[in-house]
Protein chains: 2
Amino acid sequence: MKFNTKTRYGLRAMVEIARETNNNGIFQKDISERQDISNKYLDHIIYALKVAGLITNVKGKKSGYILTRPADQIRILDINNAFEPGICVIDCIERNYKCDRENTCSAKKFWSGLNNIIADYFQNNTLQDLLEQQMELEKKETANQ
Amino acid sequence: MKFNTKTRYGLRAMVEIARETNNNGIFQKDISERQDISNKYLDHIIYALKVAGLITNVKGKKSGYILTRPADQIRILDINNAFEPGICVIDCIERNYKCDRENTCSAKKFWSGLNNIIADYFQNNTLQDLLEQQMELEKKETANQ
DNA sequence: ATTAATCCTATTGCAAAAGTAGTATAAAAT
DNA sequence: ATTTTATACTACTTTTGCAATAGGATTAAT
C-alpha cells in the first residue's frame, strides 16, 4: 500500500508553485531543480495539474506557473484527483461493482470505513495548510543554522 | 493506492476461522469454497497467517484451523502485518530513510499524518469487531429473505 | 500403503507504474 | 525574421511488484 510518485511529486510541485504565485510564478525547470525531480518526468506532473485546472501560466511560456485559485481553496484531494480517479483502497467499494457477498461482508465495511477516513483527511487538508507548514519548517531550520 | 489481495483475502479468511474456532475449526479448502478464493492461492495466505502466529491447526492436519487467541485480542494490524512489514504509505517516512529535505518538507508531514490515522484505524479495529459485524449482517440478510 | 490435507519454495505471467524520447508549438530575445 | 528557450503533448521503453500457478515434501488418519 503505497502512494504513487505522481501524487507525491505533484504535492511538492504544488507547494513550490503556491509559494511563488505572488511573485510572478515559477518555471518548471526551477521546480525540477529545487525538488530533485527529472525535468522530463515533471512534464507529466505539471501537465496533469494544468489539465486539472489547478495551475496556469497565463502570461506565456516564460511567465512561470501560478495557482488558478487561492491555496486555501485547493484541497489535497484536488491534487490527488489530478492523477487518480479518486480515493479507493479496494475495488469492491466502488459504485457498480458487483459482488454476491456485498451485503454480508464485514470486510467490505472495514475497508469502506478506512476509505472514508482517508478521503476525509484529503478533503480537510488544503494547499494553504501545507504552505504554512512549509514556511514554519523553513524558518525553524534557518534559526538552527 | 490499493491494498493488496493477500491482506484482503487474509481478512476474510480470518473471519471464517474466527467464527468456526469454537466449532472444531475450519479447513482451508472450505474457506476457499466459501470465499471464492483459489485453494492454491489461499495456501500462501494461510501459511503467512500461521507463521505470524495468528492461527493454528493444533490437533493435526485434519482438525481445521482455529485462532491462537481470542478474536478481541487480534487487531487488524496484526493481520496486515502477517503480509506486510507494517503500514507505510510512502518510503520517506520510514526510519533510516535518508533525505536532504527531511526537516523542511511539508509534504512529508502530510504523509506521516496520513500514515498515523491509517495505523490507528488498523490498531483500533479487532477481529472481534469484524466478527460481530459479520453476524449482524447475516442476521439482517436472513430476515430479508 | 494409500489418501487427503497441509507445508513450503520456486517460478511464471502480467499489468501498471516510472521514467525517457521526440516532435510540435509558441512566446520572447536578438 | 530567425534563433532560442521553455512548455505541450504523445508515444514508447523499462522496471517492478503483485497475483497466481506448479510441484514436490510432509504429516496424520484411514
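A quick note: this is a predicted structure, and the numbers were derived from the prediction, not measured.
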- side-chain hydrogen bond (donor to acceptor under 3.5 Å, both in side chains): pairs with one or both residues in residues 111-124 of chain A, sequence neighbours excluded: A:Arg75-A:Gln123
- Task: Could you encode protein contacts along nucleotides 10-23 of chain C as a string, one character per nucleotide from 5' to 3', using B for base contact, S for sugar-phosphate-only contact and - for no contact, with a heavy-atom cut-off of under 4.0 Å?
- Result: B-------SBBBB-
- Starting at CG of A:Leu49 and ending at C1' of D:dC9, how long is that distance when rounded to a whole Å? 15 Å
- Nonpolar side-chain network containing B:Val51, other nodes, edges under 4.5 Å: B:Tyr47
- Have a look at B:Phe83 and say if it touches a base, only the backbone sugar-phosphate, or nothing, with a 4.0 Å heavy-atom cut-off. nothing
- A:Asp43: partners by salt bridge (Lys or Arg N to Asp or Glu O under 4.0 Å), with sequence neighbours left out: none
- Item | Selection residues 122-145 of chain B - residue pairs positive for ring pair (Phe, Tyr, Trp, His ring centres under 6.0 Å), sequence neighbours left out | A:Phe110-B:Phe122, B:Phe3-B:Phe122
- Note on the structure: With sequence neighbours left out, the residues meeting salt bridge (Lys or Arg N to Asp or Glu O under 4.0 Å) with A:Arg12 are none
- Please give, in whole Å, the distance from C:dC8 P to B:Ile45 CD1? 16 Å
- Message: If I take atom CD1 in residue B:Ile37 and atom C1' in nucleotide D:dA19, what distance separates them, rounded to the nearest angstrom?
- Response: 13 Å
- Query: D:dT7 P sits how many Å from A:Tyr65 OH, rounded?
  - Reply: 5 Å
- Atom-to-atom span, CZ of A:Phe27 to P of D:dT7 - whole angstrom: 7 Å
- CG of A:Asp91 versus C1' of D:dC18: gap in Å, rounded? 13 Å
- To the nearest angstrom, how far is A:Lys2 atom NZ from D:dT16 atom P? 16 Å
- Value in whole Å for how far the P atom of D:dT21 lies from CG of B:Asn39: 11 Å
- Using a strict cut-off of less than 4.0 Å between a Lys/Arg side-chain nitrogen and an Asp/Glu carboxylate oxygen, indicate whether A:Arg8 and B:Asp91 qualify as a salt bridge. no
